[in-house]
Amino acid sequence: MALARAALAFSLLVAAPSDPRVLPSSEASSLVRMAGSGKPVVLHFWATWCIACQDEFPRLRKSLAGLQRKGIAVLLVSIDRPEDLPRVKQDLRRFGVADLPSVVLDAPEPDPVATAIGDPAWDGTLPSTFVFDAGGKLTRSFIGKTSPSALNEAARSVVH
């Protein structure tokens with residue numbers, strides 16, 4: 001099992017950011033480690049069918065890209081079905097975030113994913129953004145839409 005997870009993490013690292021991988025919901029607890037082991041991490045959850053996500057991406061696009069330049073790993077986590085992968089790719093391009101690392105998390109039930117993320121207040125609402133420090137500890141949650149300034153402020157708190 002550990003070897004399979006290591007292989008999955010490696011495939012995520014070498015994959016082109018515009019080529020999201022489909023992951024089973026059982027991998028939700030590994031997202032932070034896969035995104036940036038030893039680095040602060042921002043996980044941004046969204047879906048192609050989420051109207052609020054479509055509204056938020058254009059506003060957060062520059063902030064999310066800027067976080068990578070500050071040494072913060074960013075992973076866009078689409079909560080879509082595996083068969084929706086072509087639409088996920090299309091939306092990533094349309095919103096100007098196709099160059100950011102992304103995955104499609106096949107998670108038809110939000111509870112296991114919410115538990116894995118570690119915020120008991122999160123009920124699967126999309127969009128949602130979570131900021132983790134370099135040790136993998138959740139430091140800030142944005143359940144629902146957030147502003148670029150709030151995200152940047154939370155990111156500054158985890159960069160040393």
Side-chain angles (χ1 to χ4, degrees), residues 9 12-13 15-23 25 27-80 84-107 110 113-160:
L12 284 172
L13 292 174
S18 61
D19 190 21
R21 301 282 188 235
V22 176
L23 302 176
S25 61
E27 293 296 324
S29 62
S30 302
L31 290 172
V32 172
R33 188 178 67 251
M34 284 184 231
S37 185
K39 294 169 66 173
V41 172
V42 169
L43 298 180
H44 180 71
F45 286 80
W46 70 287
T48 58
W49 45 263
C50 170
I51 302 301
C53 301
Q54 295 172 23
D55 179 58
E56 183 183 54
F57 258 137
R59 291 184 297 107
L60 283 187
R61 167 178 68 226
K62 289 180 184 175
S63 292
L64 289 168
L67 295 176
Q68 287 194 303
R69 291 189 293 275
K70 295 175 185 171
I72 299 172
V74 174
L75 184 62
L76 306 178
V77 183
S78 170
I79 305 295
D80 281 285
D84 294 326
L85 184 59
R87 181 154 181 224
V88 170
K89 290 178 181 181
Q90 177 185 7
D91 279 3
L92 290 169
R93 286 189 303 274
R94 181 168 59 108
F95 297 128
V97 293
D99 58 337
L100 295 173
S102 60
V103 297
V104 175
L105 188 63
D106 184 14
V113 177
T115 300
I117 295 305
D119 185 338
W122 189 40
D123 61 0
T125 297
L126 296 177
S128 287
T129 306
F130 303 93
V131 180
F132 297 84
D133 67 15
K137 179 184 174 200
L138 179 63
T139 63
R140 186 75 192 270
S141 300
F142 299 98
I143 299 171
K145 291 192 286 186
T146 188
S147 69
S149 61
L151 179 57
N152 289 333
E153 180 181 324
R156 275 193 297 275
S157 73
V158 295
V159 176
H160 303 285

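Numbers for residues simply follow the sequence, beginning at 1.
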With sequence neighbours excluded, residues passing side chain to side chain donor-acceptor pair (under 3.5 Å) with Thr146: none
Ring-ring centroid check Phe142 Phe130, cutoff 6.0 Å: no
Flag side-chain contact, heavy atom, 4.5 Å: Val42 against Val158: no
Salt bridge (Lys or Arg N to Asp or Glu O under 4.0 Å) partners of residues 117-133, not counting sequence neighbours, each pair once: none
So, taking the atom named CG in Asp91 and the one named NZ in Lys89, what distance separates them when rounded to the nearest 0.5 Å? 13.0 Å
Tell me, please, which residues at least two apart from Thr115 pass side-chain contact (heavy atoms from CB on, under 4.5 Å). none
Distance col, row Met34:CE vs Glu27:CD, nearest 0.5 angstrom, shows 4.5 Å
Residue pairs passing the disulfide (SG to SG under 2.5 Å) test with at least one member in residues 29-71, sequence neighbours excluded, are Cys50-Cys53
Are any of the side-chain heavy atoms of Leu76 and Pro101 separated by less than 4.5 Å? no
Contacts of Phe132 that satisfy ring-ring contact (aromatic ring centres under 6.0 Å, His included) - sequence neighbours left out: none
Using a strict cut-off of less than 4.0 Å between a Lys/Arg side-chain nitrogen and an Asp/Glu carboxylate oxygen, indicate whether Arg21 and Asp19 qualify as a salt bridge. yes
Who passes side-chain contact (heavy atoms from CB on, under 4.5 Å) against Asp80, sequence neighbours left out? Ala47, Thr48, Trp49, Ser78, Asp84, Val88, Val104
Between Pro120 and Gly118, the two heavy atoms sitting closest are CD-O, 3.4 Å
Locate the shortest heavy-atom distance separating Gly136 from Val32; write the atom from each residue and the value. CA-CG1, 4.1 Å
For a side-chain contact (heavy atoms from CB on, under 4.5 Å) check, start with the C-alpha distance between Ile72 and Val41, then their side-chain angles and the critical distance, and finish with the verdict. CA-CA 5 Å; Ile72 299 172; Val41 172; 5.8 Å; no
Listed by chain and number, what are the side-chain contact (heavy atoms from CB on, under 4.5 Å) partners of Ala134, not counting sequence neighbours? Pro40
Got a sec, which residues hit side chain to side chain donor-acceptor pair (under 3.5 Å) with Ser147, two or more places apart in sequence or on another chain? Ser149
Interatomic spacing from CG in Leu100 to CZ in Arg61 - rounded to 0.5 Å: 10.5 Å
Of the non-hydrogen atoms in Ala107 and Ile79, which two are nearest, and what is the gap between them? O-CG2, 3.9 Å
Hey, could you give me the CZ/NZ distance between Arg33 and Lys39, rounded to the nearest 0.5 Å? 15.5 Å
Out of Val103, Leu75, Val131, which one pairs with Leu43 under the side-chain contact (heavy atoms from CB on, under 4.5 Å) rule? Leu75
Full working for side-chain contact (heavy atoms from CB on, under 4.5 Å) between Leu64 and Leu151: CA-CA 9 Å; Leu64 289 168; Leu151 179 57; 3.9 Å; yes
Quick one: CG on Leu85 to CG on Asp106, what's the gap to the nearest 0.5 Å? 11.5 Å
Is it the case that the side chains of Trp122 and Ser141 hold a donor-acceptor pair, with the cut-off being a distance below 3.5 Å and no angle test? no
Can you sort out the partners of Arg59 under side-chain contact (heavy atoms from CB on, under 4.5 Å), two or more places apart, ordered by chain and number? Asp55, Glu56, Lys145, Pro148
Sequence neighbours excluded, the answer for ring-ring contact (aromatic ring centres under 6.0 Å, His included) partners of Phe57 is His44, Trp46, Phe95
Listed partners of Arg156 passing salt bridge (Lys or Arg N to Asp or Glu O under 4.0 Å), at least two apart: none
What is the distance from atom CG of Asn152 to atom OG of Ser63, rounded to the nearest 0.5 Å? 4.0 Å
After noting the C-alpha distance and the side-chain angles of Val77 and Leu23, does the key distance pass the side-chain contact (heavy atoms from CB on, under 4.5 Å) rule? CA-CA 10 Å; Val77 183; Leu23 302 176; over 6 Å; no
